[in-house]
*Asks:* 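After the structure tokens below, expect a handful of questions from me.
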Amino acid sequence: MAYDKFSVINTPAVPLPIENVDTDQIIPARFLKAVERKGFGDNLFRDWRYEKDGTPKADFPLNNPKYSGKILVGGKNFGSGSSREHAAWAIYDYGFRVVVSSFFADIFKGNALNNGLLPVVVTPEFLQKIFDAIEKDATTAFEVDLEKQTFTITATGESAEFEINPYKKHCLQNGLDDIDYLVAMKDEIAAFEG
Amino acid sequence: MEAKTLFDKIWDAHVVKKVEGGPNVLYIDRHLIHEVTSPVAFLGLKNRGLKVFRPDKTTATPDHNVPTQDQHLSIKDELSRNQVEKLKQNCAEHGIVYHDLQSEGHGIVHIIGPEMGLTQPGMTIVCGDSHTSTHGAFGAIAFGIGTSEVEMVFASQCIMQPKPKKMRITVNGELSKGVTAKDIALYIISKISTSGGTGHFIEYAGSAITGLSMEGRMTLCNLSIESGARGGMIAPDETTFAYVKGRQFAPKGEEWDNAVAKWKELKSDDGAVFDTEYVYDAADIEPMITYGTNPGMGVGVTQSIPTSEGMEGTDKTTYIKSLQYMGYHEGDSMKGKPVDYVFLGSCTNGRIEDFRAFAEFVKGKQKAPGVDAWLVPGSKRVESQIREEGLTEILEAAGFELRQPGCSACLAMNEDKIPEGKYAVSTTNRNFEGRQGPGSRTMLASPLTAAAAAVTGVVTDPREMM
């Protein structure tokens, strides 16, 4: 799936200080009936974000006008549960390019990387600093530099390095996906089959 | 030679290439697909002008969306119908075997794979569904993948994956009466949490594990993902071979003998090193039930809900939020909690043994009047077997009726939704907020504990009635 190339993001962030945010919360199963990849952002966090009648819940961060930006900050074990890639699509489609947490579920992390959404793992202490910085000033900006692999709290200058597989980094920086790579390997794969 | 784990042996035999500074290119022996996570992958393939590379290694069935009543009629929900029809069309276009609703081979994808003998020891198996871990019960590497990866397998029969770490969980001793594979799984997850397995592939070992039937092993491996692990596996043994033998796609004749000889090598070598190890005693495990909104929030059915004492920060706020959602309080006893719905089914507990256990328990008893019970076989074959074994009569005499196969209320993509605020004891895999319908409140448990709740109308220790 094509996505925008990733270099540096410098925006405020939206806080979601909840642990174990599971994929059923990110996008409930009843919204998985599409046969195309379109409009999943509308139903991102559907049941936390809206009342049953569709009225936005005022206390949910996505509905709070003071929060904005391309960075979503979640509690530990973000993205646990199902393998539905719709969860990564919904977050991306809503406008986020980075998700920060102290811990991600494996499948979610892989899905995010395959879709141009950068999962950034920081220590629990640094995560708390990010939440504190947002609480102090919701408009405060954060810089995510993929080349340098750093996440910086601009206001204080505090910075954390994050890890990413060099291959995946290359893919994100160039908007590439694995399928091109694998298709080019077909002869090798056929030989492996023997 | 270096001592290898079971996982290493299978993984290493499937690596086509190691990408410099990147993941492994891993060859996939079986690809299972369903209607929800495949359409965008097929679309991607079309946009690239590609066809499915190895359609003969791909098997399809619609399960997530399908109704569990009146399957002979057209699916009422337009979006669901469209998704199922799209799968059928895509399979026809790419030459993939498709098991349609009502056909003999229809069912939940993780139930029909083993039933047909498509699942075999030593294989790599993937599906766009996290509970693909089920197939690890046969000593296979099986795990759930996202839609981008479904497209990769379509295009090349390979995916790109970093090799996970290895964990061994040993459960020694004998299970007590009324304690099942489901209880072992919920016990383990309550100990290591829903993130304890992250980054790992689990091998289950020990006498309590090797003593399980294949169906019990499938339940246990199915729930591996709920601890955050990519998958779980059990070394194949005589129990495994006996289950696979004679099934439709199992090797036959001389090929069978050769296969078994090879499969016997599939075990962790003495001295093989695991990154993480846990050891438990089967005697410590009682029938389990969950009280919160993730599968790690489980206790023995005779226990009380733990207090938040000692928790702080987001740990504590998340815990309190979870109990508020459930309408429970710290320190509440689980026994006696009211139950509105009971759901027996899913890829976790929708196999014939689960129905036998449930039927045997309710035999001669009556369903509690206030309880709505949905009994959904995991496949058409399970459904037929229930009838052939005379379980239908037992269930009906006790006030229960059977529905038709599908994922059903496990994730409530079809009409089977637990209403807002209602309590369900469910044999499924996830008790997330709204998982079984918006506002639904789920308690995960074994088929026996579900049966006990169904006849009493409250959370009950099944051992008291056996």
Side-chain angles (χ1 to χ4, degrees), chain A residues 1 17-20 22-25 28-30 32-37 46-48 52 75-77 80-89 103-108 110-111 114-115 124 127-128 131 165-168 170-171 177-183 185-186 188-193, chain B residues 16-17 19-23 25 27 36-37 39-40 43-44 48 50 53 64-65 77 79-80 82-83 86 128-130 132 144-149 151-152 155-162 164 194-195 198-199 228 230 294 313-315 317-318 321 411-413 420 430 432-435 438:
Chain A
M1 190 67 208
I18 300 170
E19 293 177 3
N20 305 315
D22 61 72
T23 50
D24 278 83
Q25 307 319 314
R30 62 187 188 281
L32 308 185
K33 296 186 184 185
V35 293
E36 288 176 76
R37 190 190 148 171
R46 178 76 201 197
D47 294 338
W48 282 351
K52 261 189 302 179
K76 79 172 177 210
N77 200 23
S80 57
S82 134
S83 64
R84 63 187 70 156
E85 197 156 310
H86 312 68
W89 297 340
F103 200 96
F104 287 97
D106 287 330
I107 305 182
F108 175 80
N111 285 342
N114 283 334
N115 287 279
L127 186 69
Q128 194 53 51
F131 281 134
N165 180 298
Y167 167 82
K168 277 294 169 196
H170 174 79
C171 286
D177 69 25
D178 293 343
I179 297 170
D180 302 319
Y181 186 96
L182 289 169
V183 170
M185 270 185 68
K186 267 188 184 168
E188 228 173 307
I189 294 166
F192 177 88
E193 288 175 322
Chain B
V16 180
K17 183 179 177 178
V19 180
E20 186 74 29
V25 176
Y27 189 80
V36 176
T37 55
V40 172
L43 200 61
R48 291 169 201 263
L50 297 171
F53 184 53
H64 281 60
N65 252 330
D77 181 280
L79 292 173
S80 296
N82 186 31
Q83 228 176 22
K86 202 82 194 164
D129 186 279
S130 59
T132 309
I145 57 176
T147 297
S148 295
E149 292 165 317
E151 192 180 336
M152 289 176 211
S156 68
Q157 203 58 31
C158 288
I159 58 168
M160 300 186 76
Q161 285 282 308
T194 54
S195 58
T198 305
R230 283 312 293 270
N294 74 58
T314 50
D315 266 342
T317 48
T318 303
K321 181 177 181 293
L411 83 169
M413 272 192 85
E420 187 177 358
R430 290 189 178 130
F432 295 156
E433 285 185 32
R435 168 80 177 181

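Not measured: the values here are computed from a predicted model. Every chain is numbered from 1, with letters handed out A, B, ... down the list of sequences.
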*Asks:* Counting heavy-atom pairs closer than 4.5 Å to chain B, which one of A:M185, A:R46, A:Q128 comes out on top?
*Replies:* A:M185
*Asks:* Pick whichever of A:D47, A:T23, A:I18 has the most heavy-atom pairs under 4.5 Å with chain B.
*Replies:* A:I18
*Asks:* Among A:N20, A:D180, A:D178, which residue has the highest count of heavy-atom pairs closer than 4.5 Å to chain B?
*Replies:* A:D178
*Asks:* For each of B:C158, B:G144, B:S195, tally heavy-atom pairs with chain A at distances under 4.5 Å, and name the one with the top tally.
*Replies:* B:S195
*Asks:* So, taking the atom named CG in A:N77 and the one named OG1 in B:T198, what distance separates them when rounded to the nearest 0.5 Å?
*Replies:* 5.5 Å
*Asks:* So, do A:I107 and B:I145 sit near enough that their side-chain heavy atoms are less than 4.5 Å apart?
*Replies:* no
*Asks:* Within a radius of less than 6.0 Å around NZ of B:K86, do more than 12 heavy atoms belonging to other residues, nucleotides or ligands occur?
*Replies:* no
*Asks:* State, with a plain yes or no, whether a side-chain heavy atom of B:V40 is found less than 4.5 Å away from one of A:W89.
*Replies:* yes
*Asks:* Are the charged groups of A:K76 and B:D315 less than 4.0 angstrom apart, N to O?
*Replies:* yes
*Asks:* Is chain A contacted by the side chain of B:S130, its backbone, both, or neither, given a heavy-atom distance below 4.5 Å?
*Replies:* both
*Asks:* If I measure from the heavy atoms of chain A, does B:P23 come under 4.5 Å with its side chain, its backbone, both, or neither?
*Replies:* both
*Asks:* Work out which heavy atom in A:E85 is nearest to a heavy atom in B:G146; give both atom names and the distance.
*Replies:* OE1-C, 3.1 Å
*Asks:* Using every non-hydrogen atom in the two residues, find where A:I179 and B:A155 come nearest and quote the distance to one decimal.
*Replies:* CG2-CB, 4.0 Å
*Asks:* With side chains defined as the heavy atoms from C-beta onward, is the minimum distance between B:V19 and A:Y181 less than 4.5 Å?
*Replies:* yes
*Asks:* Where does B:L411 contact chain A at under 4.5 Å (heavy atoms): side chain, backbone, both or neither?
*Replies:* both
*Asks:* Rounded to the nearest 0.5 Å, what separation is found between the NZ atom of A:K33 and the NE2 atom of B:H64?
*Replies:* 12.0 Å
*Asks:* List the steps, then state whether side-chain contact (heavy atoms from CB on, under 4.5 Å) holds for B:T37 with A:H86.
*Replies:* CA-CA 9 Å; B:T37 55; A:H86 312 68; 4.3 Å; yes
*Asks:* Would you call B:R430 and A:S82 a side-chain contact if the rule is heavy atoms closer than 4.5 Å?
*Replies:* yes
*Asks:* Considering only heavy atoms and a distance below 4.5 Å, find which of A:P28, A:G75, A:S83 pairs most often with chain B.
*Replies:* A:S83
*Asks:* For the residue pair A:N114 and B:M152, establish whether any side-chain heavy-atom pair is separated by less than 4.5 Å.
*Replies:* yes
*Asks:* With sequence neighbours excluded, tell me which residues meet side chain to side chain donor-acceptor pair (under 3.5 Å) with B:T314.
*Replies:* A:E19
*Asks:* Answer whether the closest heavy-atom distance between the side chains of B:V25 and A:E188 falls below 4.5 Å.
*Replies:* no
*Asks:* Does the pair A:D106/B:R230 count as a salt bridge with the N-to-O cut at 4.0 Å?
*Replies:* no
*Asks:* Any salt bridge linking B:R435 with A:D22? Criterion: basic side-chain nitrogen under 4.0 Å from a carboxylate oxygen.
*Replies:* no
*Asks:* Any donor-acceptor pair under 3.5 Å linking the side chain of B:Q83 with the backbone of A:A34?
*Replies:* yes
*Asks:* Does the side chain of A:D177 pick up a donor-acceptor pair with the side chain of B:S148 at under 3.5 Å?
*Replies:* no
*Asks:* How long is the span from the OG1 atom in B:T147 to the CG atom in A:N111, to the nearest 0.5 Å?
*Replies:* 7.5 Å
*Asks:* Ignoring hydrogens and angles, tell me if any N or O in the side chain of B:E433 forms a donor-acceptor pair with the backbone of A:Q25 under 3.5 Å.
*Replies:* no
*Asks:* Looking at chain B, which one of A:Y167, A:F103, A:F192 has the largest number of heavy-atom pairs inside 4.5 Å, strictly under?
*Replies:* A:F192
*Asks:* Tell me, side chain or backbone of B:V16 under 4.5 Å from chain A's heavy atoms, or both, or neither?
*Replies:* both
*Asks:* So which heavy atom on B:N82 is nearest to which on A:V35, and how close?
*Replies:* ND2-CG2, 4.0 Å
*Asks:* Can you tell which of B:G434, B:G199, B:G228 has the highest number of heavy-atom pairs within less than 4.5 Å of chain A?
*Replies:* B:G199
*Asks:* Is the closest side-chain donor-acceptor distance between A:E193 and B:Y27 under 3.5 Å?
*Replies:* yes
*Asks:* Where on B:Q161 is there a heavy atom nearer than 4.5 Å to chain A: the side chain, the backbone, both, or neither?
*Replies:* neither
*Asks:* Might you work through the side-chain contact (heavy atoms from CB on, under 4.5 Å) test for A:K52 and B:E420, ending with a clear yes or no?
*Replies:* CA-CA 10 Å; A:K52 261 189 302 179; B:E420 187 177 358; 2.6 Å; yes
*Asks:* With a 4.5 angstrom heavy-atom cut-off, could you sort out which part of A:K186 is near chain B: side chain, backbone, both or neither?
*Replies:* both
